[in-house]
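A quick note: this is a predicted structure, and the numbers were derived from the prediction, not measured. Quick note: numbers below take in every heavy atom, side chains included, and nothing from hydrogens, waters or symmetry partners.
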Amino acid sequence: MISHSVPPARRARLGGGARAALIVGALSAASIVAAMALQNTATAASTLGASAAERGGRYYGTAVPANKLSDGAYTTILNREFNQVTPENEMKIDATEPNQNQFTYGPADQIVSYARSRGMRVKGHTLAWHSQQPGWMQQMSGSALRSAMLNHVRQVATHFRGQVFAWDVVNEAFEENGSRRNSNLQQTGNDWIEAAFREARTADPNAKLCYNDYNIDNWNYAKTQAVFNMVRDFKNRGVPIDCVGLQSHFTGGSNYPSSYRTTLQQFASLNVDVQITELDIRNAPVDAYRNVTNDCLAVSRCTGITVWGVRDSDSWRSSENPLLFTGSGAKKPAYDAVLAALNNGVIPTATAPTSSPPGGGGCTASISAGTVFGDRYNTNVAVSGSNNWTVVIALPSPQRLQSNWNATVTADGSGLVLTARPNGNGNNFGFTTYFNGNTGGRPTIRSCTAG
Ligand code: XIL
């Protein structure tokens, strides 16, 4: 439609006579409204799962116990908000192998089929762990335990093959001081973790294989460093590992740390996905929930966030009210903060520009997609952390700047490097770019510098 070739920014800059001629000649009020509606739908999903999915195919999930699937108030929220599920207890060793070599999968299968029939991904949790072991396993040691553990990994991973996108292969194998936890599994030999990963890879070659732990959120913490070193060593030696899960049970004893984003980035730099796997925060403070969301969105390999329960009353720490919904199912302020943060996140698809800046310049600039027109498209930029900033943006060749709003934007001699400065209209600005034949390319933020 011809009206789509004149973006709102351009219309706003036209003088009264030109505007009238355009409106008479080509535009209708309806088409303006349609163009603006298109812009809005790209950035304001109304549920956690839908918004996360728009942002690079991420998920927003929850722990689910099988016995809640018959609670209508519960499933109303589950079905509406979440696109990933982790069985809370039903895939643990005591649940799946209560007697040695007798495997029971009923409740786990129930969760898996419930989730998969609704398009939710399932993460398996967990194949090898010192806790929630059945009595027979607790009694075992040495080579008998090693083979029982490997048999368990093989059997369970084979049963769920093709149904889970990822497994927590090993859970909580480190002490706070960075040494290995002295469990019965550890006593079978220091290589028990890699043996479990290798066994899992053989049983389900397509599942992502994760190491999962708590208190590995603070980059400057011995346990975080120890897990990082293990993952690096596994990668160097070809031990199959694809992801690291940060449980992120934040309490008074272990708060959201300011280095959280660094930790996510550092793990991702080892060429593994990172996931926030069991998020709950005492009293559900808005800031911490928002920060966790923004930190995940800022790291492209942070592929999803799972909260450890739906309503406060569902939580394993229910007295701390750590979740996003009240016991009666109402959205808490933390819910609103998480959804808003997700909706403000970058949409890295072909029609939606990628990238946010590397940071370090005292401010952060985030790109989000605007309307696409016939020969050009809009890009929106939000700056945070400073009111006096310089944002440098790279255009893909041979695209060129056409117009801009709410900032002063200049192109350098190449036409491909834009510099934006505030012009008194706040911290959200935008610009229109000619495709010049490159309809897939989108801008990237090079830097945001405060001052
Ligand atoms: C918890 C469950 O939520 C409880 O229902 C159960 O009684 C104990 O385990 N780390 C983990 C999770 O990896 O499996 C734990 O889940 C919470 C801590």
Side-chain angles (χ1 to χ4, degrees), residues 59 61 63-66 84-116 120-134 136-137 140 143-173 183-186 188-189 191-213 230-231 234-235 237-245 247 272-275 277-278 303-304 306:
Y59 61 81
V64 169
Q84 182 271 336
V85 152
T86 304
E88 186 167 353
N89 290 298
E90 292 74 0
M91 288 188 183
K92 291 174 181 175
I93 313 172
D94 58 356
T96 49
E97 196 178 354
N99 300 300
Q100 190 171 13
N101 263 317
Q102 286 180 7
F103 292 87
T104 55
Y105 296 116
D109 284 344
Q110 192 194 346
I111 296 172
V112 169
S113 78
Y114 184 97
R116 283 169 52 81
M120 304 166 176
R121 275 181 268 187
V122 180
K123 185 170 193 195
H125 173 78
T126 176
L127 294 171
W129 191 19
H130 70 279
S131 182
Q132 292 182 265
Q133 290 184 359
W136 64 266
M137 187 179 270
M140 287 184 103
S143 59
L145 174 60
R146 172 68 71 99
S147 18
M149 180 273 286
L150 293 176
N151 180 56
H152 181 85
V153 170
R154 182 167 54 251
Q155 298 286 337
V156 178
T158 300
H159 177 82
F160 291 106
R161 180 176 176 152
Q163 304 194 71
V164 298
F165 78 96
W167 267 110
D168 289 331
V169 178
V170 171
N171 198 27
E172 302 179 349
S183 67
N184 59 349
L185 292 167
Q186 179 66 26
T188 70
D191 62 344
W192 73 276
I193 299 180
E194 60 196 83
F197 275 84
R198 289 199 167 96
E199 196 70 39
R201 180 68 100 222
T202 304
D204 187 351
N206 294 321
K208 297 231 183 200
L209 305 182
C210 310
Y211 177 79
N212 193 55
D213 215 329
M230 179 188 74
V231 176
F234 280 12
K235 281 290 183 186
R237 292 191 293 111
V239 177
I241 184 167
D242 308 302
C243 33
V244 173
Q247 293 184 9
V272 289
D273 289 344
V274 288
Q275 292 142 1
T277 54
E278 304 184 13
T303 57
T306 307

Can you tell me how far the [atom1] atom of [X] sits from the [atom2] atom of [Y], to the nearest 0.5 Å?
{"X": "C210", "Y": "H125", "atom1": "SG", "atom2": "NE2", "answer": "11.5 Å"}
{"X": "F165", "Y": "C243", "atom1": "CZ", "atom2": "SG", "answer": "7.5 Å"}
{"X": "E278", "Y": "T86", "atom1": "CD", "atom2": "OG1", "answer": "7.5 Å"}
{"X": "I193", "Y": "Q186", "atom1": "CD1", "atom2": "CD", "answer": "6.5 Å"}

inquiry  = Keeping E90 on the side-chain end and E88 on the backbone end, is there a donor-acceptor pair under 3.5 Å?
reply    =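 Side chain of E90 to backbone of E88, a donor-acceptor pair under 3.5 Å: yes, one is there.
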query = Got a donor-acceptor contact below 3.5 angstrom from the T202 side chain to the R198 backbone?
reply =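 Looks like yes, one N/O pair under 3.5 Å.
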Can you find a pair of side-chain heavy atoms, one from [X] and one from [Y], that are under 4.5 Å apart?
{"X": "I93", "Y": "P134", "result": "yes"}
{"X": "F197", "Y": "V153", "result": "no"}
{"X": "R116", "Y": "S113", "result": "no"}
{"X": "L145", "Y": "W192", "result": "no"}
{"X": "M140", "Y": "N184", "result": "no"}
{"X": "Y211", "Y": "V169", "result": "no"}
{"X": "P98", "Y": "T104", "result": "yes"}
{"X": "V170", "Y": "T126", "result": "no"}

key: Test side chain to side chain donor-acceptor pair (under 3.5 Å) applied to E97 - qualifying residues, sequence neighbours left out   =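 Listed in chain order: H152.
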ask   = Among all residues two or more places apart in sequence or in another chain, which pass the side chain to side chain donor-acceptor pair (under 3.5 Å) test with D204?
value =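 For D204, no residue satisfies side chain to side chain donor-acceptor pair (under 3.5 Å) once neighbours in sequence are set aside.
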inquiry  = Whether the N89 and Q132 side chains hold a donor-acceptor pair (N or O, under 3.5 Å, no angle test) is what I'd like checked.
reply    =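 Side chains of N89 and Q132: pair found under 3.5 Å.
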ask   = Distance only, no hydrogens: is a donor on one side chain within 3.5 Å (strictly under) of an acceptor on the other, for N212 and Q275?
value =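 Not at all, the side chains of N212 and Q275 share no donor-acceptor pair under 3.5 Å.
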Closest approach of [X] and [Y], non-hydrogen atoms and distance?
{"X": "T277", "Y": "T306", "value": "O-CB, 3.3 Å"}
{"X": "W129", "Y": "E172", "value": "NE1-OE1, 2.7 Å"}
{"X": "K235", "Y": "V272", "value": "CE-CG1, 3.4 Å"}
{"X": "P87", "Y": "V122", "value": "CD-CG1, 4.1 Å"}
{"X": "L127", "Y": "A200", "value": "CD1-CB, 4.3 Å"}
{"X": "D213", "Y": "N171", "value": "N-OD1, 4.4 Å"}

request  = Kindly state each residue pair satisfying salt bridge (Lys or Arg N to Asp or Glu O under 4.0 Å) with at least one member in residues 145-159, sequence neighbours excluded.
outcome  =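 The answer is R146-D191, R154-E199.
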inquiry  = If the condition is salt bridge (Lys or Arg N to Asp or Glu O under 4.0 Å), which residues does D242 pass it with, not counting sequence neighbours?
reply    =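 Partners of D242 by the salt bridge (Lys or Arg N to Asp or Glu O under 4.0 Å) criterion, ordered by chain and then number, come out as R201.
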Under the ring-ring contact (aromatic ring centres under 6.0 Å, His included) test, residues paired with Y114 that sit two or more places apart =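 So Y114 forms no ring-ring contact (aromatic ring centres under 6.0 Å, His included) with any residue.
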message = Among residues at least two apart in sequence or on other chains, which ones pass ring-ring contact (aromatic ring centres under 6.0 Å, His included) with H130?
response =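 So H130 forms no ring-ring contact (aromatic ring centres under 6.0 Å, His included) with any residue.
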query = When you measure from the centre of the six-membered ring of Y59, is the NZ or CZ of R121 under 6.0 Å away and within 45° of the axis?
reply =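 Pair R121/Y59 does not count as cation-pi.
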N151 and Q100: CA distance, side-chain angles, deciding distance, side-chain hydrogen bond (donor to acceptor under 3.5 Å, both in side chains) verdict = CA-CA 10 Å; N151 180 56; Q100 190 171 13; over 6 Å; no
ask   = Can you check side chain to side chain contact (heavy atoms under 4.5 Å, CB included) on V156 and M91, steps first, answer last?
value = CA-CA 8 Å; V156 178; M91 288 188 183; 5.6 Å; no
message = Which label fits H159 and Y105: parallel for a plane angle under 30°, tilted from 30 to 60°, or perpendicular past 60°?
response =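 H159 vs Y105 ring planes: parallel.
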Steps toward side chain to side chain contact (heavy atoms under 4.5 Å, CB included) verdict (I241, V231) = CA-CA 8 Å; I241 184 167; V231 176; 4.1 Å; yes
